[in-house]
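Computed from a predicted model, the values in this text were never measured in an experiment.
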Amino acid sequence: MINKVGIIGGSGFAGEELIKYLSIHQNADLIAVSSRDLLGKKVSEIVEGSNLSFVDPDDAIFYDCDVVFFSTPHGVAMKRAKSFLEKDIKIIDLSADFRIKDTAIWKKWYGSDHEYPEGLQDSVYGLTELNIDSIKSGKLIAVPGCYPTASILGLLPLVVNKLKIKSVTIDAKSGISGAGRSAVENTLKKEIKENFRAYATDGHRHLPEIKQVLEDLFSESLEVNFLPHLIPAMRGIYATIYVNLEKYGGEPLIQLFQHFYKDSPNVEIMRDGFVPEISKVTETNKCQIGIYKSAIKNQIVVIATIDNLVKGASGQAIECYNLMNGYNQMQGISHG
């Protein structure tokens, strides 16, 4: 079966990756890609080989789709989702609109009322290593953020197995593509050259997303601090996670991680003496995870790395597309 699919918001970095994947997916017929800025221009200007032209996001052609991907800023998908769902059109949203279930927390971090709270209750968090069965039956998928994907994957085996965690500190670095095409082309490419800096030091929007997932699994509150940084690279997330335990005897935890991810086609647990590297996951849907002892008593260090545009966005969206439609989870996703 071949589904007709559309992308609303296809001119950004994540949208570009989606176009690449869907254009060659044997079970997808990409019939429409929208962009207000590039309206009427050939999609081939950003992705070679496409014969489509960018259309308006409100074009009626999107109602001819079986599945619509939103690769838009927050606040867009929540306005449009209901009209598609009422026509039995599935939605895969790469924005933050349906990730946070609590509307009060949404308003605190995003500064506006949520316009489709009913959709929040029906949405499925699209982390395939966690919610594979729910994704298969989902109609509205909230693709996780890039920082949360790396951070949560690095912590899942610990919280699911109920280790006694006192606090978690996530020191995360991102390539500049996570800021969006306009920010990169207008300022960031020059500002970050031979540079490295922290940002959102007073709190980042991905923190409540991370806490929501972890605390739901842990069944109690967790002390989590999250601080992001920009590095002089286009792609990649590198999360160094310091986990303080009530008691840790120094026993190896690698088996815990290996067992948890034994069925994952994406996660690679590093062997002793090796560390994750951004270059090894770039342009793939992989996540490399390493687990290490710390010099601090009762502390362990977990390092997780992904490509922010693939496993942290479009690749994970394609995983969800495959699962929702009964295809092989990794169909159309290259691991390089």
What salt bridge (Lys or Arg N to Asp or Glu O under 4.0 Å) pairs are there with at least one residue in residues 150-168, not counting sequence neighbours?
none
So side-chain hydrogen bond (donor to acceptor under 3.5 Å, both in side chains) across residues 122-151, not counting sequence neighbours, yields Lys101-Ser123, Tyr125-Glu209, Thr128-Lys311, Thr128-Glu319, Glu129-Ser264, Glu129-Asn266, Glu129-Lys311, Tyr147-Tyr199, Thr149-Gln316
Pairs involving residues 149-171, ordered by first then second residue, that meet ring pair (Phe, Tyr, Trp, His ring centres under 6.0 Å) (sequence neighbours left out):
none
Please tabulate, one pair per line, all N/O donor-acceptor pairs under 3.5 Å involving side-chain atoms of residues 249-262, not counting sequence neighbours.
residue, atom, partner, partner atom, Å
Glu251, OE1, Gly249, N, 3.2
Tyr261, OH, Leu153, O, 2.5

Per the side chain to side chain contact (heavy atoms under 4.5 Å, CB included) rule, which among Asp171, Thr201, Leu207 passes with Leu227?
Thr201
Which residues pass the side-chain contact (heavy atoms from CB on, under 4.5 Å) test with Thr282, not counting sequence neighbours?
Arg235, Ile278, Asp307
With sequence neighbours left out, which residue pairs that include part of residues 272-298 fulfil the ring pair (Phe, Tyr, Trp, His ring centres under 6.0 Å) condition?
none
Partner residues of Ala317 under the side-chain contact (heavy atoms from CB on, under 4.5 Å) criterion, sequence neighbours left out
Leu18, Phe69, Ile92, Leu94, Val143
Any Arg99 side-chain heavy atom under 4.5 Å of His206 side chain:
yes
Could you pull out all donor-acceptor pairs under 3.5 Å where a side-chain atom in residues 294-303 meets a protein atom, sequence neighbours excluded?
residue, atom, partner, partner atom, Å
Ser294, OG, Ile296, N, 3.0
Ser294, OG, Gln299, OE1, 2.5
Asn298, OD1, Tyr248, N, 2.9
Gln299, NE2, Asn244, OD1, 3.0

Please list, chain by chain and in numerical order, all residues satisfying ring pair (Phe, Tyr, Trp, His ring centres under 6.0 Å) with Tyr63, sequence neighbours excluded.
Phe84
What pairs meet the ring pair (Phe, Tyr, Trp, His ring centres under 6.0 Å) rule with one or both residues in residues 33-58, with sequence neighbours excluded?
none
Heavy-atom side-chain proximity of Glu194 to Pro232 below 4.5 angstrom:
no
Summary of side-chain hydrogen bond (donor to acceptor under 3.5 Å, both in side chains) pairs that have at least one residue in residues 44-60, sequence neighbours excluded
Asp58-Arg80
Distance-only side-chain donor-acceptor flag, Asn285 / Tyr21, under 3.5 Å:
no
Among residues two or more places apart or on two chains, list those pairs meeting salt bridge (Lys or Arg N to Asp or Glu O under 4.0 Å) that have a residue in residues 214-231.
Lys211-Glu215
Establish, yes or no, whether a centroid distance under 6.0 Å links the rings of His114 and Phe98.
yes
